[in-house]
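The analysis underlying the following values was restricted to heavy atoms, covering all of them including side chains, and did not include hydrogens, waters or symmetry mates. From a predicted model like this one, the values you see are computed outputs, not experimental measurements. Index from 1, following the sequence.
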Amino acid sequence: MDRRLIQTAVFGSPDSDEPALCPETPDELEAFRREHTGVTIWCGTQFEGGCGRQLTTRLCTDKICHFAHVRREALVFEWW
């Protein structure tokens with residue numbers, strides 16, 4: 001599997017220390033989305049290289065599911 005995709009993040013704000021780990025399978029990601037409805041996910045600034053931008057989830061069937069940066073022009077505070 002391609003491990004270069006974003007798998008770790010934080011909940012709530014860029015400077016949070018509450019880790020978010022993205023599930024790798026579509027079924028697990030759907031459950032994760034239901035469990036965290038209305039919660040924002042961020043590229044944490046406490047991680048080396050973390051930029052502080054908001055993330056969303058990407059459900060994939062051809063590679064592992066992962067977090068992805070939200071395009072700036074599409075930025076909203078719901079994450080899918």
Side-chain angles (χ1 to χ4, degrees):
M1 290 190 172
D2 186 352
R3 297 283 182 193
R4 294 173 293 166
L5 303 172
I6 302 170
Q7 289 301 115
T8 57
V10 293
F11 290 114
S13 71
D15 59 345
S16 170
D17 61 0
E18 183 180 356
L21 180 62
C22 191
E24 294 184 354
T25 69
D27 290 339
E28 292 170 339
L29 183 60
E30 289 290 354
F32 177 90
R33 287 175 169 180
R34 285 189 301 275
E35 182 179 343
H36 300 289
T37 299
V39 178
T40 56
I41 298 177
W42 300 85
C43 185
T45 56
Q46 294 187 35
F47 291 125
E48 184 175 337
C51 68
R53 289 178 45 205
Q54 190 172 359
L55 300 173
T56 188
T57 56
R58 292 277 168 86
L59 191 148
C60 299
T61 57
D62 60 336
K63 54 187 169 187
I64 62 173
C65 298
H66 57 280
F67 296 125
H69 289 91
V70 174
R71 291 186 335 221
R72 292 187 195 282
E73 61 271 13
L75 187 62
V76 293
F77 293 101
E78 294 284 334
W79 49 277
W80 75 83

Sequence-distant partners of T8, side chain to side chain donor-acceptor pair (under 3.5 Å), two or more places apart: none

Inter-residue atom distance C65.SG - R58.CZ, 0.5 Å rounding: 11.5 Å

Full working for side-chain contact (heavy atoms from CB on, under 4.5 Å) between V10 and Q46: CA-CA 9 Å; V10 293; Q46 294 187 35; over 6 Å; no

Mind listing the side-chain donor-acceptor pairs of residues 14-23 below 3.5 Å, one per line with the distance, residues two or more places apart or on another chain?
| residue | atom | partner | partner atom | Å |
| --- | --- | --- | --- | --- |
| D15 | OD1 | S13 | OG | 2.7 |
| S16 | OG | F11 | O | 2.9 |
| S16 | OG | E18 | N | 2.9 |

Non-neighbouring partners of C51 that pass side-chain contact (heavy atoms from CB on, under 4.5 Å), sequence neighbours left out: C43, R53, H69

I41 side chain reached by Q54 side chain, heavy atoms, under 4.5 Å: no

Shortest non-hydrogen contact between L55 and V70, atoms and distance: C-CG2, 3.7 Å

Sub-4.5 Å side-chain heavy-atom contact between F67 and T56: no

Main-chain N/O of I64 paired to H66 side chain as donor or acceptor, under 3.5 Å: yes

Minimal non-hydrogen separation, G52 against T45, with atom names: CA-CG2, 3.7 Å

Within-4.5 Å side-chain heavy-atom neighbours: L59 and E30: yes

Nearest heavy-atom neighbours spanning C60 and P26: O-CG, 3.3 Å

